[in-house]
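Read through the structure below, which is laid out as structure tokens, and then see the notes.
The structure presented is a predicted model; accordingly, all values stated were derived computationally and were not measured. Sequence positions, counted from 1, serve as the residue numbers for this chain. Both backbone and side-chain heavy atoms feed into the values below; hydrogens, waters and symmetry mates do not.
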Amino acid sequence: MKRNFNEWLKTFKSSICDYGYYADFEKVYGNIEKIKVELNILNSLIGSKNIERDFDKLIKDYPQVLKCIPILLAVRGREIYAIDGDGEYLFNFNKLNYTTKEYIMFMQKTGLFDLIANHIINNLVDYVMGVEVGLDSNGRKNRGGHLMESLVEDYLIKAGLVKGDTYFKEMKLSTIEKKWNIDLSGISNQGKAEKRFDFVVKKGKTVYGIETNFYTGGGSKLNETARSYKTIALEAKDIDGFAFVWFTDGLGWKSARHNLEEAFDVLDNMYCIADLKNGIIERLFD
């Protein structure tokens, strides 16, 4: 019986975030540990009555503290560009590439001297901990993408499909062709780089190329994904021994529902989280 797209779309979830989605504290702690000694040396400047003099002496005695300065401004990397009426600068924080006086100017104009000297903060280690948590929030998009992969993989594991020489992650078309002697030249991937599937499962006489994604918000990426997967679905239909499977979900699809529906109409093996919960893995790979 043909599925109803509108009813199917109504089951889509707003989020699949787990507890580890919000902050990767292990990564945060690791980043802090790398510069903890230097941050504690910089702590000696907190409340300084003459911070320019003390900073000048500090970087002469302990030049390694320079590497801590970018993260105080929530900047990754060891170079910071700045321009003002006095000139154009590219400060290096691995080693001094300007005079100490110019680095003092940098600390003044960025507000770091005021932050440190006027007791606005009490401990730079704690301060950078907060900065790191904030910067790590940028990684949520990548973690969100992996959540759907992990969810699908859990169901594959429960179905006993993750075993031996019949299950692979991140597998390219050329590798599939060589391993199982299947001609996949009909899958063009719209002229882009060689297609790589999130999972590949061999069951019986069929090799399944599986893609997974979850979208909480809209954007042009969704329309592009739907069009691309629709093309792959049409191209894969004429390939013996191969099937394309797409697991997707997320309320972001509401803004790209028309392109999603076009893919839904041509791709028989297109499923959402509700389908996973209702046992589609077992039926698909029966």
Hey, could you give me the [atom1]/[atom2] distance between [X] and [Y], rounded to the nearest 0.5 Å?
| X | Y | atom1 | atom2 | result |
| --- | --- | --- | --- | --- |
| Y81 | L90 | OH | CG | 8.5 Å |
| L42 | N40 | CG | CG | 9.0 Å |
| C272 | M148 | SG | CE | 8.0 Å |
| N259 | R257 | CG | CZ | 12.0 Å |
| K203 | L284 | NZ | CG | 9.5 Å |
| I210 | Y167 | CD1 | OH | 8.0 Å |

Check whether [X] reaches the backbone of [Y] with its side chain - one donor and one acceptor, N or O, closer than 3.5 Å.
| X | Y | value |
| --- | --- | --- |
| E211 | D198 | yes |
| D54 | L45 | no |
| E170 | R196 | no |
| S150 | H146 | yes |

Neighbour count >12 (heavy atoms, 6.0 Å) for atom [atom1], [X]:
| X | atom1 | answer |
| --- | --- | --- |
| K34 | NZ | no |
| E26 | CD | no |
| K36 | NZ | no |
| K221 | NZ | no |

- Query: For L184 and I239, what are the C-alpha separation, side-chain angles and deciding distance, and is it a side-chain contact (heavy atoms from CB on, under 4.5 Å)?
  - Reply: CA-CA 7 Å; L184 299 178; I239 301 175; 3.9 Å; yes

What heavy-atom pair brings [X] and [Y] nearest, and what distance separates the two atoms?
| X | Y | value |
| --- | --- | --- |
| A256 | L222 | CB-CB, 3.9 Å |
| G218 | S255 | CA-OG, 3.3 Å |
| G250 | F12 | O-CD2, 3.3 Å |
| S14 | T216 | O-CG2, 3.7 Å |
| V200 | W180 | CG1-CZ3, 3.7 Å |
| D240 | I182 | O-CG2, 4.2 Å |

Is any side-chain heavy atom of [X] closer than 4.5 Å to a side-chain heavy atom of [Y]?
| X | Y | value |
| --- | --- | --- |
| F25 | D136 | no |
| W8 | L260 | yes |
| S188 | E235 | yes |
| L66 | N94 | no |
| L276 | I281 | yes |
| I16 | D249 | no |
| F199 | E153 | yes |

In chain order, what residues pass the salt bridge (charged side-chain N to carboxylate O under 4.0 Å, His left out) check against [X], with sequence neighbours excluded?
| X | answer |
| --- | --- |
| E177 | none |
| K230 | E262 |
| K67 | E38 |
| D84 | K109 |

Have [X] and [Y] got a donor and an acceptor in their side chains that come within less than 3.5 Å?
| X | Y | result |
| --- | --- | --- |
| E132 | Y29 | no |
| T99 | E102 | yes |
| Y89 | N97 | no |

Holding to side-chain hydrogen bond (donor to acceptor under 3.5 Å, both in side chains), I want the full list of residues that pass it with [X], two or more places apart in sequence or in another chain.
| X | value |
| --- | --- |
| N92 | none |
| Y208 | none |
| E7 | K10 |

Would you call the rings of [X] and [Y] parallel, tilted or perpendicular, taking 30° and 60° as the class edges?
| X | Y | value |
| --- | --- | --- |
| W253 | Y215 | perpendicular |
| F197 | F242 | tilted |
| F91 | Y103 | perpendicular |

Using a 3.5 Å cut-off and no angle test, enumerate the donor-acceptor pairs between side-chain atoms of residues 110-121 and protein atoms at least two apart in sequence or in another chain.
unit_1	atom_1	unit_2	atom_2	d
T110	OG1	F106	O	2.8
T110	OG1	M107	O	3.4
D114	OD1	N118	ND2	2.1
N118	ND2	D114	O	3.4

- Message: Using side-chain contact (heavy atoms from CB on, under 4.5 Å), reason through Y229 and F244 one step at a time and then give a plain yes or no.
- Response: CA-CA 9 Å; Y229 288 4; F244 176 51; 4.0 Å; yes

- Do K179 and D165 sit within salt-bridge range, that is, some charged N less than 4.0 Å from a carboxylate O? yes

- Item | All side chain to side chain contact (heavy atoms under 4.5 Å, CB included) counterparts of V37, not counting sequence neighbours | I41

- Query: Y22 and L135: same hydrophobic cluster, using ILVMFWY side-chain contacts below 4.5 Å?
  - Reply: no

- Item | Residue pair L251, K13: steps toward the side-chain contact (heavy atoms from CB on, under 4.5 Å) verdict | CA-CA 6 Å; L251 293 185; K13 294 182 172 292; over 6 Å; no

- Item | Residue pairs fulfilling salt bridge (charged side-chain N to carboxylate O under 4.0 Å, His left out) with at least one residue in residues 272-286, sequence neighbours excluded |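 Qualifying pairs, neighbours excluded: R3-D275.
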
- Residues I51, I104; criterion side-chain contact (heavy atoms from CB on, under 4.5 Å); working and verdict: CA-CA 9 Å; I51 196 165; I104 288 173; over 6 Å; no

- Task: Could you work out the complete set of other residues in the hydrophobic cluster of V266, with links drawn between I, L, V, M, F, W and Y side chains under 4.5 Å apart?
- Result: L234

- Task: Check N213, T212, N269 against W246 for a side-chain hydrogen bond (donor to acceptor under 3.5 Å, both in side chains) and give me the one that passes.
- Result: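 For W246, the side-chain hydrogen bond (donor to acceptor under 3.5 Å, both in side chains) check succeeds only for N213.
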
Side-chain polar contacts of residues 57-65 - donor-acceptor pairs under 3.5 angstrom, sequence neighbours left out - could you list them?
unit_1	atom_1	unit_2	atom_2	d
K57	NZ	D61	OD2	2.7
K60	NZ	D56	OD2	3.2

